[in-house]
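Presented below is the structure to which this report refers.
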Amino acid sequence: MSQEVKQLKLKSGVLKRNLKDFEYSCKEVTREEQRLEKMRADGKDESTLKQQKQCLSEAVSGVSEAKGRALKARADLQDFLDANLENAEIRETEDFTAATAMLAQADELLA
C-alpha cells in the first residue's frame, strides 16, 4: 500500500470521527435543552436551573468546537483528494469512493 493510500485512509478516518463527535454534540444539546425544560416544568429552584443552563451552555460550545474540527478535517480531505486527483492508484481504490461519499455526508451534516 502506497503512502498516498495510507494518507487517504487516515484523513477519511479523521473526518469520520469528527463527524461522529459533531453528531453526538448536537444530540447532547437537545438532551440538555429537554432536561432544562423538564426542570422548569417541575418547578425546580433557581440554583438548579442555573446549573442546568451552565451545562447547556457548555454543550452548545461543544457543538461549535466539534463543527470547527469537522470542517477542518473535511477541508484536509478535500485538499488531499484535489492534490491527488490525477493519481490512478488512489482513484481506483474503494477508499477513494468512500472518501468522496464521506465528503458528501459532511456537506449535509455541516450545512
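- Put simply, V29 and L49 are part of the same group of oily side chains (I, L, V, M, F, W, Y) that touch within less than 4.5 Å, one to the next.
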Report task. Determine, stepwise, if the pair M102 / L19 fulfils side-chain contact (heavy atoms from CB on, under 4.5 Å). Result -> CA-CA 9 Å; M102 192 162 311; L19 288 176; 4.2 Å; yes
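- For D42 (side chain) and K44 (main-chain N/O), no donor-acceptor pair under 3.5 Å exists by modelled atom type.
- A heavy-atom distance below 4.5 Å is not found between the side chains of L85 and I90.
- Looking at D76 and K11, no side-chain N of the basic residue comes within less than 4.0 Å of a carboxylate O on the acidic one, giving no salt bridge.
- Within the structure, the side-chain hydrogen bond (donor to acceptor under 3.5 Å, both in side chains) test picks out the following pairs touching residues 99-111 (sequence neighbours left out): R74-D107.
- Atom NZ of K67 and atom OG of S25 lie 12.0 Å apart (nearest 0.5 Å).
- At least one side-chain heavy atom of S12 sits under 4.5 Å from a side-chain heavy atom of L77.
- Once rounded to the nearest 0.5 Å, the distance linking OG1 of T48 with CD of E46 reads 9.0 Å.
- Between the CD atom of E23 and the CG atom of L110 there is a distance of 9.5 Å, given to the nearest 0.5 Å.
- Residue F80 holds its CZ atom at 13.5 Å from CG of L15, rounded to the nearest 0.5 Å.
- A distance of 8.0 Å separates CG of L8 from CZ of F96, quoted to the nearest 0.5 Å.
- Among all heavy-atom pairs drawn from L81 and A99, the shortest one is CD1-CB, 4.2 Å.
- For the residue pair D45/S47, the side-chain donor-acceptor check at 3.5 Å is satisfied.
- At a threshold of 4.5 Å between side-chain heavy atoms, the hydrophobic network of Ile, Leu, Val, Met, Phe, Trp and Tyr places L71 and L109 in one connected group.
- Checked against side chain to side chain donor-acceptor pair (under 3.5 Å), R35 has the following partners two or more places apart in sequence or in another chain: E32.
- In this structure, the separation between CG on L36 and CG on L56 is 6.5 Å, given to the nearest 0.5 Å.
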